[in-house]
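This structure is a prediction, so every number in the text was calculated from the model and none was measured. Naming: A, B, ... by sequence-line order, numbering from 1 per chain.
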Amino acid sequence: KAGVTQTPRYLIKTRGQQVTLSCSPISGHRSVSWYQQTPGQGLQFLFEYFSETQRNKGNFPGRFSGRQFSNSRSEMNVSTLELGDSALYLCASSPDPGRAGDEQFFGPGTRLTVL
Amino acid sequence: SQQGEEDPQALSIQEGENATMNCSYKTSINNLQWYRQNSGRGLVHLILIRSNEREKHSGRLRVTLDTSKKSSSLLITASRAADTASYFCATAPTGANSKLTFGKGITLSVRP
């Protein structure tokens, strides 16, 4: 089975712009979670989607949004970028969201740099 | 906010030695997981231990869980240079729709 894929791998944007990141989960996985990783804050949970519905949300401003499509692929969007949004954005999928805290399979991440 | 806190923050050992990493957490959990991350890459799941388990092994990895002390340890035996990475514990709190919460990680350096 192919692993979790994320595109693009690297992205450079300027303040005020918006960005869309994409994630394709492992085939058959229906839950997709997004995380932001920075040296200062570590790994922080953004949101989780299952069956095109947001099931869980972290403590991030409304500039961060996401969605999931019927094929389980997910996108996250950040509007009005700030310098502090520079981070590694990780997507993870899991096979059975009915089991709380299932093992997560991570993609390689998208490195976003905001100038 | 991080629930799991790893200790130490950084560890440097010689190849062949054992590496022990600890994780403490605050709330009741369904399970605790350990992940590895090589520099700037995605995380790789290593092992999951459920709240009713006390010890689990996987290859050179040994994980213990003490729910009374709300702590876990990860032991890597006979370390190799390829074990150099960051290691994270993640806790799955009890409750519906709970989400995994990651600690800030431990940086392990294994010197050849």
| Residue A/Q6 versus chain B: region with a heavy atom under 4.5 Å |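 Neither part.
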| Heavy-atom distance under 4.5 Å to chain B: side chain of A/Y35, backbone, both or neither? |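 Contact with chain B is through the side chain of A/Y35 alone.
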Are [X] and [Y] connected in the hydrophobic side-chain network, where two residues link if heavy atoms are under 4.5 Å apart?
X: A/M76; Y: A/L90; value: no
X: B/L65; Y: B/V63; value: yes
X: B/L48; Y: A/L43; value: no
X: A/I26; Y: A/L21; value: no

| Would you say the side-chain atoms of B/K104 pair up with the backbone N or O of A/G40, donor to acceptor, closer than 3.5 Å? |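 Yes; judged by distance alone, with no hydrogens or angles, the pair exists.
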| query | When rounded to the nearest 0.5 angstrom, what distance separates CG in B/N31 from CG in A/D102? | reply |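 Here the rounded value is 8.0 Å.
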| task | Give, for atom CG of A/L46 and atom NZ of B/K99, the distance between the pair rounded to the nearest 0.5 Å. | result |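 NZ of B/K99 is found 11.0 Å from CG of A/L46.
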| field | Sole candidate of A/E48, A/E103, A/Q104 that passes side-chain contact (heavy atoms from CB on, under 4.5 Å) when paired with B/L100 | value |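 So, applying the side-chain contact (heavy atoms from CB on, under 4.5 Å) to B/L100 and each of A/E48, A/E103, A/Q104, only A/Q104 qualifies.
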| query | With sequence neighbours left out, what residues match B/Y87 under ring-ring contact (aromatic ring centres under 6.0 Å, His included)? | reply |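 Once residues adjacent in sequence are excluded, B/Y87 has no partner under the ring-ring contact (aromatic ring centres under 6.0 Å, His included) criterion.
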| request: List in chain and number order the residues that pass ring-ring contact (aromatic ring centres under 6.0 Å, His included) with B/H45, two or more places apart in sequence or in another chain; answer none if no residue qualifies. | output: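 Partners of B/H45 under the ring-ring contact (aromatic ring centres under 6.0 Å, His included) test: B/Y35.
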| Does a side-chain heavy-atom distance below 4.5 Å link B/F102 with A/F45? |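 Heavy-atom side-chain distance check fails, nothing below 4.5 Å.
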| said: With a 4.5 Å cut-off on side-chain heavy atoms, are B/Q37 and A/Q37 touching? | reply: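 When only atoms from C-beta onward are counted, B/Q37 and A/Q37 do touch, with a gap below 4.5 Å.
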